[in-house]
Amino acid sequence: MKYDFSQIEPKWQDIWSKDSLYTAGDRPAKDKFYMLVMFAYPSGDIHMGHFRNYIVGDAVARYQMMRGKDVLHPFGWDAFGLPAERAAIQRDLHPDDWTHRNIEISRKTLMKTGISFDWSREVISCNPDYYKWTQWIFVQLFKKGLAYRKSGQVNWCPEDQTVLANEQVVDSKCERCGTSVVKRDLTQWYFKITEYANRLIDDLDKLPDWPENLKTIQKEWIGRSRGAEIDFIIKDTGEKLPVFTTRPDTIYGVTYMAIAPESPLVDRLSLDREHREEVEAYRNAVQMRSEIERTAATGEKDGVFTGKYAINPYNREEVQLWVADYVLAGYGTGAVMAVPAHDSRDFLFAKKYDIPIKVVIHPDHFSKLDPATMDDAYTGYGVMVNSDLFDGLEGEEAVREVTEYAERKGIGRGKINYKLRDWLISRQRYWGAPIPIIHCSKCGLVPVPEDELPVLLPKTDNFKPKGRSPLADVPEFMDVTCPQCGGEAQRDPDTMDTFVCSSWYYLRYIDPKNDCLPFSKEKAKAWMPIDLYIGGITHATGHLIYFRFFQKFLKDIGWLEDDEPAKALCNHGMVLDVNGEVMSKSKGNVVSPVVLMEKRGVDIARLGMFFTAPTEREVLWSDEVVVGIEKFILNRFFPLVKDFRKSYPDLKFNFKLDALTNDDRRAYIRLNQTVKRVTDDFERLQFNTAISALMELTRDYKPDKIRNDQLNDLIILKAIQLMAPMAPHLAEEMWHRCGMQTSVFRAQWPAYDRNAVNFETVVIAIQVNGKLRGEVSVARDSEQDEVFTAVMANERIKGHLGEKEVIKKIYIKNRLVNLVVK
RNA sequence: GCCGGAGUGGUGGAAUGGGUAGACACCAGGGACUUAAAAUCCCUUGCACCAAAAGGUGCGUGCCGGUUCGAGUCCGGCCUCCGGCACCA
């Protein structure tokens, strides 16, 4: 019996499409399930990693469909951005042409995989009907003061000739091209994501179905720390010098202060000539150092004395004011109070420059620290000493008291700081959504009126990167009149980071054709939140934070109801080559799913992927992975249809166990066990074990022993249903060969008969002193006494017991017996 | 350095609330069918040892200890690998 996938697959794909099997309604009529897979870059045809991502989503979508849910399972293209633009330039094509052409190719490939995407909702982020709303969201952010311009040091990629967000810089290199980034002083657009830092951390607790490790990564990235800001005073100028500290309880141990070299504070110090020269020389030297050199935490600390002093507001003590490389300009206030006795970095620095070390915390009431013998700082909490009226206070209480004192005296305040920086979203590239702002010399920054959106990206030949925005050299784009005063004005020449486009696509899917709104609130209310979101962990600190931020913002301005966009998140493992290496074009080790699909069929490829490892684990892919599963499908599973007896049983019927022969009863119980196992496995996305359960069912199914025709047919039909989410074409074909008229995906997911998941007899393990010594077969749920009688009759057990005394008997029903002997 | 996660046969992996470790596969070996091969089917397959055999014994989930009648699973201490953060005051 031949499984002719090349004929079967297109046949069903065609029928499913004609029957609109995957088309979701505007509002779900019953229980809904929003199944989302990550937005795809159309920078090349799809590869094994995409394939894996999408088949997992597909299996879930189909399973939920069969469970009777209304399923929304959309797909779309993250079509703006560097990868697409770079690919286009390499081929000497316009990004617009190349992107759309490539989407065509990739879409065709995807359609061949039979994935249940609702293509009627496809979204392409570089099309004006989409980026109109990306711009609309920008305007909303701008109106709330959450989109703003500021100047400062930014990361610049010399290769891509554009600025990058913090999240796009990995190990001081451009995440995309690997070029070392440099710092530049530029005025750029930012989204004030820091405003949401607290909620972005706290709301993680509302997400029990997100992976723990991902939540930890996000928490650390946002990096919340609680402490206090304390105002020191610069002697002579009298200027306030606020510093952030998590340890106000060490305030009396401050022996110097340090300012970041880049900090503008340094310029305002009015240094004497000698010190000014030294400080400037130091600042220049620091500028020359590479980012890597500077951030190597193990590296030497160095700095230069400014000749100035700062006054500690608690004890009026004057301490030296230094400029030091280890202080970061971008965190806190760009200056620190240094407590060498209780901070390791300050300790190293003080040792190097012979600055006093003053102990103000003792670990407890009995031990004392001696600065002369310390070889590192003591950084734990302890008892405050040498601290005036605070002496004797301990730990967090000490922190609280010192902070409250500052607030009372107006010399400081409690403060929470974050590592998270605002999100730099402007790019000096062509291929992105134009920033909808007009620069007017009279009115300043004026947002493009909403009824004039979108600001169309002109299809110019002037798109190559050159270090400044290509659009700046397109006068017909740049020159406009100011919407407020009507005077001559200029458009903003920058485009938005693609991560902006991909921060709200999940909402556009809900209402993809809406001309008047980004999406309808009612439809969003009906479909949101996303029930399961599947994608790689690579987006942990980027997209997966950004899209949570957008959700919260849109909720705040009344467009959404939930704090969080996605209830559950699944990170699938990577697909590597046989040697465990990442597949990449440059290495030439990319395995395309297309070749495999053409050779063995989509469903075999899918099952091979599912069977080889659980979803979250990485997979070393080779074609051998499909060998076992292919044999199973071709020789065992597909041929089940020829054993079908056309009795057409009611799929909801539960047999009475007494009415069945022994063999039939066993087969019936086996079936119900399998339904239960596969259902449980689907709930936790463990497709590998679902497949092995079906293999066992098939192995144990012996048609010549089954007397009851309805039972026989029930087994076959339910096995097909259980297989359907993973191997849709195969299952649909088998379903119809058994004479079923409607789609297997419209049939209800099998329920199991609760009275028939256990056999009447169980095999119980017999242990002596915890060691397995034999087995005994007894009736299910037997009482302790009967079981022990059987155990004691066992010859092998007798041998092990010998003359010894049984001092304890343990009986776990239906599992084991343990005899403790002496 | 800090924070997560993981270490199970030759390989991919099972074991879902402490309860028969190795399900289901791959690979390998043996056999059947065949003129032969492929395909297919059947058997063996954690390691070591004892036995002619039936079978039995010991060891075994990274290492060392603990709790328990019983530990892959819980606790403590290490080792290795992977991921994240990395001068964040």
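In what follows, every heavy atom counts, from backbone to side chain, and hydrogens, waters and symmetry copies are set aside. Below, read A as the first sequence line, B as the second, and so on, with proteins coming before strands; counting in each chain starts at 1.
- Residues A:Ser225 and A:Tyr331 have side chains that bring a donor and an acceptor to within less than 3.5 angstrom of each other.
- For A:Arg617, no side-chain nitrogen or oxygen approaches OP1 or OP2 of B:rG7 to under 4.0 Å.
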Fill in the blank from the handout: Contact string for nucleotides 21-29 of chain B, one letter per nucleotide 5' to 3', B = base within protein heavy-atom range under 4.0 Å, S = sugar-phosphate only, - = neither, reads --BBSS---
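- Heavy atoms of A:Asn213 sit under 4.0 angstrom from primed sugar atoms or phosphate atoms, though from no base atom.
- At B:rA14, one or more side-chain N or O atoms of A:Gln686 fall inside 4.0 Å of OP1 or OP2 (strictly under the cut-off).
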Exercise for the section: Fill in the dot-bracket string of RNA chain B, one character per base: . for unpaired, | for a pair to another strand, ( ) or [ ] for pairs within the strand, taking Watson-Crick or G-U pairs under 3.5 Å. Expected result: (((((((..(((......[....))).(((((.......))))).(((((....)))))..(((((..]....))))))))))))....
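- Side-chain contact check for A:Lys813 versus A:Glu783: some heavy-atom pair is nearer than 4.5 Å.
- Here the side chain of A:Leu816 is nearest to one of B:rA89, B:rU20, B:rC69, namely B:rU20.
- With hydrogens and angles ignored, a donor-acceptor pair under 3.5 angstrom links the side chain of A:Lys301 to the base of B:rC87.
- Between A:His800 and the phosphate of B:rU57, there is a side-chain N or O to OP1/OP2 separation shorter than 4.0 Å.
- When heavy atoms are screened at a 4.0 angstrom cut-off, A:Val243 is found touching no nucleic acid atom at all.
- Of the residues near RNA chain B, A:Arg421 and A:Leu214, the one whose nearest nucleotide (by heavy atom distance) lies more toward the 5' end is A:Leu214.
- For B:rG13, the O4'-C1' to base torsion is more than 90° from 0; the nucleotide is therefore anti.
- Phosphate contact (OP1/OP2 of B:rC59, side-chain N/O of A:Lys771, threshold under 4.0 Å): present.
- The side chain of A:Tyr331 contributes an N or O atom lying less than 4.0 Å from OP1 or OP2 of B:rA89.
- In this structure, of B:rU20, B:rC87, B:rA89, it is B:rC87 that holds the atom nearest to the side chain of A:Asp325.
- For the pair A:Arg796 and B:rG56, the criterion of a side-chain N or O lying under 4.0 Å from OP1 or OP2 is met.
- The side chain of A:Arg815 lies closest to B:rG19, out of B:rC3, B:rA89, B:rG19.
- For the pair A:Asp681 and A:Gly223, nearest-nucleotide mapping onto RNA chain B gives the more 5' position to A:Asp681.
- Here A:Phe499 and A:Trp423 keep their ring centres 6.0 angstrom or further from each other.
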